[in-house]
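Hydrogens, waters and symmetry mates are skipped; everything else that's a heavy atom, side chains included, is used. Start at 1 and go down the list; that is how both ligands and their atoms are numbered. Remember, predicted model here, so these are calculated numbers, not experimental data.
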Amino acid sequence: MRLDPVRVDVVGASGGRMPLDGSGAVTAGRLVITVQPSTGADRFTWTVANRGDRPVPVRAVRLVFAVTGVVGPLRLFRNGYQSWSPSAVATLGLDRDPSEAGGVPRLVRSTHHADEEPVAPGELRSEMVTVLADGGPVRVLVGFEGGHRHDGTLRLHDGDGEGRAELAAEAFLGGATLAPGEERSLHPVVVASGADQGPLLEAWAAAYGTVENARIDGHYQVGWCSWYHYFGYVTEGDLRANLAHAADWPFEVFQLDDGYQPAIGDWLGTNGKFSSDLDELADAIAAAGRRPGIWIAPFLARPDAIVATANPGWIARYRDGVAPLVGMWHPVWGGETLTLDTSHPEVLDHLERVARALVGAGFTYLKLDFTYAPAADGVYHDPTMTPAQRVRAGYDAVRRGAGEDAFVLGCGAPLGAVVGVVDGMRIGADVAPWWHLQEGQHLPGPYAGGEPATANAFTNTLTRSFLHRRLWLNDPDCLMLRRTDTRLEADAVRTWAHTVGVCGGMALVSDDLGLLDGDARALLDEVLELGRASDTAAIAGPPARCGDLLDAARPGRLSAAGVELIADPATAASQLRRPNRR
Ligand code: 9PG
């Protein structure tokens, strides 16, 4: 299998398909795209310029490669867009992009893809990076080197239906306008091949992290989180009871999740389930010797939140420029929840102030959730910003307010845009006190892999293990160790715990600690031993590696530091092999 650059496609008003010739520059209307291959043609730097005298909106620019010499079915590693988006292998001609299914609401598509428009029929896509595999011995990685300027999407399709495929590396600008005379650098596209996808992906992630100044020096994180036992019903009594129970548990961080706030968007107060204010809650956590952590969904606001009613101009609009842009529909929050316009300087000042106030209250660990919202198509204050830049601007504002020493955890986050701002990143769907999805809770079928279910978190923990300590600390999502108030069987509890350990990522427990016995504590100790060994190995050398990443739609093998977890994702049965100890 080999890849050769053949064309540049421009998507948008001045769209077109332009063959690449020796000059390296192509013209589409008023746009000029310049492509410079390195010697060896394994890295392409490129720019897009507006040579006209009026602003030009650009949806996307693609560098298209012919894929030739393919033996048998062509598979690709399909990396999802944001934290919860499913990530695993797919086969061209067999699998479908979920956006092709009819009846999927736009909100679901904008939540899980850089580009919310459905793909061309039969096309498969991956975000930031992909690896192609066929029946031959060579794997080919194509990826973007950086992501703060624009999203990078890899699109694979059957070029002519005659066994000749095409792979397009797409710089997604989302309709951002280029001023007359403006030239923008696009993130370089890299191509690499080898026999094994593991080292290819790890090297790609390391290079991306270097370019984006990834924050990868933080220490191994152990903590407690309120969400997966108490959900939105958490009370001050629950928090204080767990602090009391935690005396003998090795938690550094104690993180309060969704459920304390008066309204989504109003983050500096508490609701009727809490008699203390945020300063007092942080003090109570700190007095127990823990680092106070708190959840916010910084880019969302309920229509009745003070932030929205007092500042109607801060809400992004749909493409009609009138209706407020919905970023999430959540029954527990009261239904439709709106998106703040993170291209607006006043919104960025507000985000900075909120983060500064939370850290000032004592919450030096911030979980930023539902942060994909301002990437959706819409009308924003600054039309020159790409979706990735809007997300990044919001994160940068939070970081400015929180300071360098705060731990910032991304969640529901477009992965590519925020490397260098976040310390940790959720890399999969929510766990839940069940393994498989339950009947009736499904998002539209093809998107079910992003829904809360421990099996879904398990898959992404394996398939995105190579990002750990390259882009951030991976957060596989919480451990649940309890044996009551759960539908997880003992096998599933242990399999998930071992997965969290072997992956080497963050280890947060989310149980009512009053329910946990000595067995649960022993399991946590085992997880932390596995986790510290895996994380230490990832600092010195390779992170945990998924052995069957390109072989199974639901892989089950993860190894690190001389231990291999072999799990059956269908049944949640698993075993740990330690060959070196035999
Ligand atoms: C709090 C939770 C927890 C959790 C986050 C996030 O698609 N959905 O409807 C959906 C809802 C909630 C959700 C993820 C997806 O969970 O990942 O850890 O903080 O918010 O509301």
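In terms of protein heavy atoms, atom 12 (C) of ligand 1 is closest to Phe370 CZ, 3.7 Å. In terms of protein heavy-atom proximity, atom 6 (C) of ligand 1 is closest to Asp369 OD2, 3.0 Å. In terms of protein heavy-atom proximity, atom 7 (O) of ligand 1 is closest to Met328 CE, 4.3 Å. The nearest heavy-atom contact from the protein to atom 17 (O) of ligand 1 is Asp430 OD1, 2.6 Å. Scanning the protein for heavy atoms near atom 15 (C) of ligand 1, the closest one is Trp84 CZ3, 3.7 Å.
Annotation: Asp477 places no N or O atom under 3.5 Å from an N or O atom of ligand 1; distance criterion only. Between His330 and ligand 1, no pair of N/O atoms sits closer than 3.5 Å. For ligand 1, the polar-atom distance check against Asp258 finds a nitrogen or oxygen pair separated by under 3.5 Å.
Side chain to side chain, Thr235 and Asp238 meet the donor-acceptor criterion of an N or O pair below 3.5 Å.
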Would you check, one step at a time, whether the test ring-ring contact (aromatic ring centres under 6.0 Å, His included) holds for Phe458 with His498? CA-CA 10 Å; Phe458 170 84; His498 285 165; over 10 Å; no
What do the steps show when you test Phe370 against Trp84 for ring-ring contact (aromatic ring centres under 6.0 Å, His included), and what is the final call? CA-CA 10 Å; Phe370 296 92; Trp84 311 322; 5.0 Å; yes
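For Val431 against Cys478, the heavy-atom pair with the smallest separation is CG2-O, 3.6 Å. The two residues Ala432 and Thr454 make their nearest non-hydrogen contact at O-OG1, 2.7 Å. A pairwise comparison of heavy atoms in Gly449 and Ala429 identifies O-CB, 4.0 Å as the closest pair.
The closest approach between Cys411 and ligand 1 falls below 4.0 Å for a heavy atom of the residue. The shell of residues lying under 4.0 angstrom from ligand 1, judged by heavy atoms, includes Tyr228.
The proximity of Arg426 to ligand 1, defined as any non-hydrogen pair under 4.0 Å, is limited to the side chain.
Contact atoms of ligand 1 toward Lys367: 3 (C), 4 (C), 18 (O), 19 (O) (distance under 4.0 Å to a heavy atom of the residue).
A donor-acceptor contact shorter than 3.5 Å is absent between the side chain of Asp396 and the backbone of Arg399.
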